[in-house]
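Only this structure's heavy atoms are used, side chains among them; waters, hydrogens and symmetry mates stay out. Convention: sequence-line order gives letters A, B, ...; per-chain numbering from 1. Small disclaimer: the values here were computed from a predicted structure and weren't measured.
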Amino acid sequence: MARADACAGRTLGELARRLGLPVPDDLRRHKGWAGNLVERALGVEAHGRSGPDLPELGIEVKTIPVDSKGRPHESTWVCTAPIDSFEPGPWRSSPVRAKLAKVLWMPLLDADVLADRRVGAPILWTPDADEEETLARDWDALSELLAEGRVDQWHARHGVALQLRPKAARADDRVWVVDADGEWVQTNPRGFYLRTSFTKAVLAREARLLNP
DNA sequence: ACTTGATCATAC
DNA sequence: GTATGATCAAGT
């Protein structure tokens with residue numbers, strides 16, 4: 001947290017200069033740049049590897065683009081959705097819960113120029129009872145759709161907090177799955193995301209705790 | 001304006 | 001190919 005606090009208020013340009021890294025003109029071809037930069041600034045040693053960013057602490061680090069009032073602009077990637085011969089399990093042992101058990105949110109404030117975007121106040125979050133219940137309900141519904149092979153329902157319009165979305169390099173990427181009729185069909189890979197509205201509520205709640 | 005579906009780079 | 005890091009941009 002000391003390292004995270006030390007990043008707060010700094011611009012991405014400052015962090016990059018300190019690490020000797022170039023700043024791209026924009027993120028169109030560097031979508032993970034800011035996330036990787038902040039991880040390096042935090043001294044995350046495991047970046048690029050599987051598992052939590054801070055394995056000893058079980059903490060996942062996520063940058064989140066926000067406006068001047070701390071409201072997120074984007075949904076948040078969670079993890080790949082298991083769509084190939086998937087056996088549904090309880091929320092408690094789900095990959096989504098494992099990923100979200102402890103998240104260090106690093107807000108990145110808007111700016112006209114990428115290098116001028118500033119890091120906001122870091123937030124170490126664990127889902128509270130209400131959030132956990134919302135996530136669990138979404139998990140139960142979505143994992144059932146996945147397990148039943150209802151491929152036509154594998155779209156982004158389900159879920160209050162969690163949603164299913166395509167996750168691939170290209171729209172024509174395909175994987176084989178067994179559909180509801182037991183037939184092998186092809187579909188694109190999916191992933192779990194947190195809706196912007198959910199993350200917005202999380203950050204607002206945490207902000208109130210910091211600033212009652 | 002906002003959401004859904006599509007996309008980009010890199011490591012292993 | 002799958003995982004990491006996400007944002008872009010078409011669709012509604």
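Distance A:H30 NE2 to C:dC8 P: 12 Å, rounded to the nearest Å. In this structure, A:D25 places its CG atom 16 Å from C1' of C:dC8, rounding to the nearest Å. Atom CZ of A:R28 is separated from atom P of B:dA6 by 20 Å (rounded to the nearest Å). Across the protein-nucleic acid pair, A:R29 atom CZ and C:dT7 atom C1' stand 13 Å apart, rounded to whole Å. In this entry the distance linking CG of A:L12 with C1' of C:dG5 reads 14 Å, nearest Å. A:R174 has its CZ atom 12 Å from the C1' atom of B:dG5, to the nearest Å. As a whole-Å value, the separation of A:N36 CG from C:dT4 P is 12 Å. The CG atom of A:D172 sits 17 Å away from the P atom of B:dG5 (whole-angstrom rounding).
Looking at A:E133 and A:R137, a side-chain N of the basic residue comes within less than 4.0 Å of a carboxylate O on the acidic one, giving a salt bridge. Using a cut-off of 4.0 Å between Lys/Arg side-chain N and Asp/Glu carboxylate O, A:E144 and A:R150 are scored as not salt-bridged.
Taking a 6.0 Å sphere around CZ of A:R205, one finds it holds more than 12 heavy atoms contributed by other residues, nucleotides or ligands. No more than 12 heavy-atom neighbours from other residues, nucleotides or ligands sit within 6.0 angstrom of CZ on A:R28.
For the pair A:S50 and C:dA3, the criterion of a side-chain N or O lying under 4.0 Å from OP1 or OP2 is not met.
Side chain A:K167 to base C:dG1: no donor-acceptor pair is found below 3.5 Å.
Across all strands shown, A:D173 has no heavy atoms under 4.0 Å from either base or sugar-phosphate atoms. Contacts of A:P189 with the nucleic acid, taken as non-hydrogen atoms under 4.0 Å apart, are absent. Within the nucleic acid shown, A:G32 comes within 4.0 Å of at least one base atom, counting heavy atoms only. Note on A:A168: a base of the nucleic acid sits closer than 4.0 angstrom, heavy atoms only.
Between atom CG of residue A:L124 and atom CE of residue A:M1 there is a gap of 5.5 Å, rounded to the nearest 0.5 Å.
Shown here for A:P72 and A:L203, the closest heavy-atom pair between the two residues is CG-CD1, 3.8 Å. The two atoms that bring A:R190 and A:I83 nearest to each other are N-CD1, 4.1 Å, heavy atoms only. Between A:L114 and A:D25, the closest heavy-atom pair is CB-O, 4.3 Å.
Checked by atom type, the side-chain pair A:E206/A:W105 shows no donor-acceptor distance below 3.5 Å.
The terminal axes of the helix from B:dA1-C:dT12 to B:dC12-C:dG1, fitted over 5 pairs per end, subtend an angle of 30° to the nearest 10°.
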Could you go over nucleotides 1-4 of chain B and give all protein N or O partners under 3.5 Å, atom names and distances?
unit_1 : atom_1 : unit_2 : atom_2 : d
B:dT4  : OP1    : A:A156 : O      : 3.3
B:dT4  : OP1    : A:R195 : NH1    : 3.3
B:dT4  : OP1    : A:R195 : NH2    : 3.3
B:dT4  : OP2    : A:Q163 : NE2    : 2.8
B:dT4  : OP2    : A:R195 : NH1    : 2.6

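Of all nucleotides listed (C:dT7, B:dA6, C:dT4), C:dT4 comes nearest to the side chain of A:W77.
Judged purely by atom type and a 3.5 angstrom limit, A:S75 has no side-chain atom pairing as donor or acceptor with the backbone of A:L194.
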